[in-house]
There are 2 protein chains.
Amino acid sequence: MTVTNTQPSTAADDGGKPSNMRSLSRAMEVFAELQRADRPQRLSDLARNCGMSLPTTLRILRVLQDFGMVSQTDKTYRIGPAVLPAARSYIENDPLVTASRPVLQQVAAQTGMTASLYTRLGFERILVVRVDGDAPLRYDMPLGKRLPLTVGAAGKILLAGAPDEHLQEVVKGAVAAGHEEPSFSLAELKARLPEPGTDYAYSADERATGVLSVAMAINRSGLPSESVALTSPVEAATEKGLKAGVPELRRAAARLAELLEGTVY
Amino acid sequence: MTVTNTQPSTAADDGGKPSNMRSLSRAMEVFAELQRADRPQRLSDLARNCGMSLPTTLRILRVLQDFGMVSQTDKTYRIGPAVLPAARSYIENDPLVTASRPVLQQVAAQTGMTASLYTRLGFERILVVRVDGDAPLRYDMPLGKRLPLTVGAAGKILLAGAPDEHLQEVVKGAVAAGHEEPSFSLAELKARLPEPGTDYAYSADERATGVLSVAMAINRSGLPSESVALTSPVEAATEKGLKAGVPELRRAAARLAELLEGTVY
DNA sequence: TAAGACACTTTCATTCTATGAAAGCAATTG
DNA sequence: CAATTGCTTTCATAGAATGAAAGTGTCTTA
């Protein structure tokens, strides 16, 4: 089993490290910045926000454009269509994703709840797979959306047992991403996390009102970066009912954990 | 209006050009290679297939991994989860995509057919938006899938009026991508394309059996790179019926063309 | 069990790429 | 029409990216 662990991932890590592949790293920064914005960006804005010179930014954009990762209209740049085939490739071919689908289907069938798989990405998490249960969730399907680690069962369970030092970074990341108020503190976060000894997390009306959730991490050595969750609208489930699904969820998580053995990122 | 036009996009363009940003270009090659393969790749395979040394390939993978664009399990690499937020950002924020949805909805409502938007990417095209009509299409929704330019109405219309020189490259590209037999020729391709003077393309049983389609390019100066299509299963439409939707389609294409004015890539 | 083969990883000197200052354009505005 | 603003190109230089070769670990085979 390998443990490499480079950075906690994602940009925003200008901790003074030399960091190899400067031009590539910077290109990824530009790409990330384009995603952050919800509308096309001017060259000068991108350059300023990424802290690099205009010529450099322009050159990066041109290369990304050549590969369809970036589109340009007049003088504004945005994410390009090449991300679609990439996302499709991920969803269709990633071993964990493909393996989880039947597992989630089984759990959803047995419990009647909606079953989901989340992956940690930097200081956020994203929904990767969802299999609907009997009662539909009313909020829109946030597949691929950046969600907080600090809110919602599926996020919090990824933080259970993490050292304070790491949690402190998570707090900073959540604030930086706008998921939490600037006053958000380590103590507040720790109060939300499941008690030590509990291997699942529960949430009610946390990330979305009217939604209950239990989640379990897919564990391997070290901090987990994936979790599975059961979710249901309040009118279709009680806390008790949801928690009755925990054993099922535990079994599913164990099955997927085997597959993950060895995953570095 | 600007016309920059760097490369015909996508890798495979080792035409001896110096090409700026070598490390970034190579990183994109690695990323593309990972998508091409439908299962996790070993470092040595990636290095060989991309024509670069092991250390270089490794360094690229590590940076991409830091940004979640690549995942690693043991010694194998694959596309990472960060492509999902990127794809979501594209679909939610791209001006053409968001603008096209209501337009396609209107066309679908008026004609009862399925309405789609395609974008050219290199020597292929991808489905970006689809709004279903009355009769469901039986093949699975290929959103983000790489489809041939040389097959199907929505592909062929993007090639109408292109100079032979360009079509010859398209032929090569289609063969290289496995969309056409190695014997595929320029003459064959030209025979498929709509007659000069026609602004739409028609296809029956071309890319998928039992499916009829008409498509129209979203035109601006030069070669188009987007097209809109009406599609229907054979049992729900006739050639005549589909072609009756062409005026609607033409109006939709014109509306979207305005928006595209100035798009470089 | 030992020896060999294989694949990944690190190191390091060299090359050439990536970089930003500054000049050159183009477009927009007062 | 002049001035401002923002994009693009040029160019000399710094330093990043590169691959050969050595190093390390793991798996295979005798």
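Values below: all heavy atoms of this structure, side chains included; hydrogens, waters and symmetry mates excluded. Labels below follow one simple rule: chain letters A, B, ... track the order of the sequence lines, proteins then strands, and each chain is numbered from 1.
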Distance, rounded to the nearest Å, where N20(A) contributes CG and dT10(C) contributes C1': 11 Å
field: Gap between atoms CD1 and C1', on I60(A) and dA16(D) respectively (whole Å)
entry: 14 Å
message: Could you work out, with side chain to side chain donor-acceptor pair (under 3.5 Å) as the rule, every residue matching R88(B), not counting sequence neighbours?
response: E92(B)
statement: The side chain to side chain donor-acceptor pair (under 3.5 Å) partners of R42(B) (sequence neighbours excluded) come to none
message: Rounded to whole Å, how long is the line connecting atom CZ of R26(A) with atom C1' of dT19(C)?
response: 8 Å
- prompt: Expressed in angstrom and rounded to an integer, what is the separation of L24(B) atom CG from dA17(D) atom P?
  reply: 11 Å
query: Could you give the CG-to-P distance, from L61(A) to dA18(C), as a whole number of Å?
result: 15 Å
message: Check whether E180(B) reaches the backbone of V175(B) with its side chain - one donor and one acceptor, N or O, closer than 3.5 Å.
response: no
task: Taking only the side-chain nitrogens and oxygens of S23(B), find out if one of them lies under 4.0 Å from OP1 or OP2 of dA16(D).
output: no
- line: note: K75(A), atom NZ; dA26(C), atom P; distance rounded to Å ~ 11 Å
query: If you fit an axis to the five pairs at each end of the helix from dT1(C)-dA30(D) to dG30(C)-dC1(D), how big is the angle between those two axes, to 10 degrees?
result: 40°
statement: Sequence neighbours excluded, the answer for salt bridge (Lys or Arg N to Asp or Glu O under 4.0 Å) partners of R101(B) is none
- request: Whole angstrom is fine here: how far is it from CD in E29(B) over to C1' in dT18(D)?
  value: 16 Å
message: Restricting to side chain to side chain donor-acceptor pair (under 3.5 Å), what partner residues turn up for S23(A), sequence neighbours left out?
response: S23(B)
message: What residues from residues 40-59 of chain A pass a heavy-atom cutoff of under 4.0 Å to DNA chain C?
response: S53(A), P55(A), T56(A), R59(A)
query: How long is the line joining CE of M21(B) and P of dA16(D), in whole Å?
result: 13 Å
statement: Sequence neighbours excluded, the answer for side-chain contact (heavy atoms from CB on, under 4.5 Å) partners of L54(A) is A47(A)
Partners meeting side-chain contact (heavy atoms from CB on, under 4.5 Å) with A27(B) (sequence neighbours left out): L24(A), I60(B)
message: Closer than 3.5 angstrom, by distance alone: can the side chain of R78(A) be matched with the main-chain N or O of L34(A) as a donor-acceptor pair?
response: no
- request: Just jot down the side chain to side chain donor-acceptor pair (under 3.5 Å) partners of T56(A), sequence neighbours excluded, or say none.
  value: S53(A)
